[in-house]
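Residue numbers run from 1 in the order of the sequence given.
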Amino acid sequence: MTDESSAAERRRFTGRRREDAALDQAAFAEAFVALSDGIILTDQEGVVMSANPAAFMILGEDALVGNIFEELLLVSGATRIQDTDGHLVRRAWFPREERMGVLEMMSTSLPGGRVLHTVRDVTAQAELLRLKEEFLMEVAHELRTPISGLIASLDLVVDDALNMPRNELALLAGALRRSALRLEHLVENLMDAGSIEAGTFQVRAQTASLKHSLSEAMAFIHPMLESKGQELVKAFDADADRVLADERRTTQVFANLISNASKYAPEGTRVTVGATSIEGYVRITVADEGPGIPLDEQNRLFQRFFRSRTVREQAGGLGLGLSICRAIVHAQGGDISIESTPGRGTSVHFTLPKARHLAEEAED
């Protein structure tokens, strides 16, 4: 086979033509301009030969071509993160509106001494990582208290259970149960948050009693109210008890809402739980006498992990309770809302279908 025929065979095999190469170059140029990552090419001296529009925007520079890449402000102050196999990764921090922004730059050596630099704004990823670490710290903190209570009580049981008076043993058993209930509550919220995110969250609605759900919730809530000298006031209308709901989940809603009310309200105040019948639904209200919530934060209260800045330093929590309450209430055909005035407390309202009303509709 001649050289000419070999060349023809190679062209046929690769499917390449001059027109294709020209199209590839045009497509490459368009992609270079459209990329959201900054792309910068420097020569053997480190002088910028070319840069795409994103590079100017990310680095905040008006001129790049002809300048030395390493002398650019953000580049010269960058910290080396990794340097392996011809890839140098550096990170630079720069001020943004509320938090520091983060740039990641990867420099890759090319033939002829040239270097290709990729510049990426990774502020969002860094913020997610920060939130994840903060969340894990909060989880560890929230779990530590009931676990410490369990260990302390169990140590007493191991050391002196046989000689302990019956009344003291009963008090110890109560402390163990409260710590276990708190652990169960935390773990249940974490699992529910995961199932809500995965789209697998479910409820099993049937005829249920709101008063019974509230009573079950009090097993977890009462010690918290008692420790702060707070009073729970119940105000249920006579026909506002029977609903179509998942009783266990409704207990969870009461526990989350009342614990929030207790946690963020001052000592010696009242937490009011009321229920009234409205057009085939029961409307339940949990109200506190706390500091209230700033208006600019109220539309974010049902977001996962969100906690108001006015109480963030005063009380613990994971910021999951309200988002879980909303998922439970919505899954049962109800609605939930918050009414709050700074300095005048907060009221959370949620509705559940009345069991009697639905039964009458079914008979019709």
> Distance check, rounded to the nearest 0.5 Å: I293 atom CD1 versus T346 atom OG1?
3.5 Å
> Apply side chain to side chain contact (heavy atoms under 4.5 Å, CB included) to residues I81 and L88 and explain how you reach the verdict.
CA-CA 8 Å; I81 302 299; L88 171 63; over 6 Å; no
> Taking all non-hydrogen atoms of both residues into account, name the closest pair between A245 and A208 and its distance.
O-CB, 3.8 Å
> State, to 0.1 Å, how close V203 and I328 come at their nearest heavy-atom pair, and which atoms those are.
CG1-O, 4.5 Å
> In the single-linkage hydrophobic clustering (I, L, V, M, F, W, Y; side-chain heavy atoms under 4.5 Å), do M224 and V273 co-cluster?
no
> To the nearest 0.5 Å, what is the distance between CD1 on I40 and CG on L116?
9.0 Å
> Testing the basics here: between L64 and V48, what is the closest heavy-atom pair and its distance to 0.1 Å?
O-CB, 3.2 Å
> Is there a path of hydrophobic side-chain contacts, each under 4.5 Å between heavy atoms, that joins I278 and L352?
no
> Should the pair R91-E104 be classified as a salt bridge under the 4.0 Å nitrogen-to-oxygen rule?
yes
> Using a cut-off of 6.0 Å, state whether more than 12 heavy atoms not belonging to E339 lie near its atom CD.
no
> Answer yes if F94 and F56 sit in the same cluster of Ile, Leu, Val, Met, Phe, Trp and Tyr residues linked by side chain heavy atoms under 4.5 Å apart, and no otherwise.
yes
> How long is the span from the SG atom in C325 to the CZ atom in F254, to the nearest 0.5 Å?
10.5 Å
> What is the minimum heavy-atom distance between N256 and I324, and which atoms define it?
ND2-CG2, 4.3 Å
> Which heavy atom in T123 sits nearest to a heavy atom in G101, and how many Å separate them?
OG1-CA, 3.3 Å
> Using the test side chain to side chain donor-acceptor pair (under 3.5 Å), find all partners of R204 that sit at least two apart in sequence or belong to another chain.
none
> Rounded to the nearest 0.5 Å, what separates atom CG in L72 from atom CD in E61?
5.0 Å
> If hydrophobic clusters are built from ILVMFWY residues whose side chains come within less than 4.5 Å, do I39 and L110 share one?
yes
> Without placing hydrogens or testing angles, list every side-chain donor-acceptor pair under 3.5 Å for residues 210-222, not counting sequence neighbours.
{"unit_1": "H212", "atom_1": "ND1", "unit_2": "E247", "atom_2": "OE1", "d": "2.9"}
{"unit_1": "S213", "atom_1": "OG", "unit_2": "S209", "atom_2": "O", "d": "3.4"}
{"unit_1": "S213", "atom_1": "OG", "unit_2": "E247", "atom_2": "O", "d": "3.3"}

> Applying the 4.5 Å side-chain criterion to the ILVMFWY set and letting contacts propagate, would V89 and L59 be lumped into a single cluster?
no
> With a 4.5 Å heavy-atom cut-off, do Q82 and H87 have their side chains touching?
no
> With side chains defined as the heavy atoms from C-beta onward, is the minimum distance between R120 and I58 less than 4.5 Å?
no
> Starting at NE2 of H349, measure out to CD1 of I284 and round the result to the nearest 0.5 Å.
11.5 Å
> Can any side-chain N or O of D288 pair as donor or acceptor with the backbone N or O of K263 at less than 3.5 Å?
no
> Decide yes or no for T272 and T285: does some side-chain heavy atom of the first lie under 4.5 Å from some side-chain heavy atom of the second?
no
> Show the nearest heavy-atom pair for residues S36 and A54, with the distance to one decimal.
O-CB, 3.5 Å
> Could you measure the distance from the OG atom of S50 to the CG atom of D43? Nearest 0.5 Å is fine.
10.5 Å
> Could you list all the side chain to side chain donor-acceptor pair (under 3.5 Å) pairs where at least one residue sits in residues 62-72, not counting sequence neighbours?
E70-R90
> State, with a plain yes or no, whether a side-chain heavy atom of D121 is found less than 4.5 Å away from one of L103.
yes
> Report the residues that fulfil side chain to side chain donor-acceptor pair (under 3.5 Å) with Q230, sequence neighbours left out, ordered by chain and then residue number.
S262
> Verify, without hydrogens or angle tests, whether T351 (side chain) and D335 (backbone) share a donor-acceptor contact under 3.5 angstrom.
yes
> Could you tell me whether E45 atom CD has more than 12 heavy atoms of other residues or ligands within 6.0 Å of it?
no
> For E226, what residues pass the side chain to side chain donor-acceptor pair (under 3.5 Å) criterion, not counting sequence neighbours?
none
> Among pairs that include at least one residue of residues 61-82, which meet ring-ring contact (aromatic ring centres under 6.0 Å, His included), considering only residues two or more places apart or in two chains?
F69-H117
> Ignoring hydrogens and angles, tell me if any N or O in the side chain of D237 forms a donor-acceptor pair with the backbone of A240 under 3.5 Å.
no
> Got a donor-acceptor contact below 3.5 angstrom from the Q332 side chain to the P353 backbone?
no
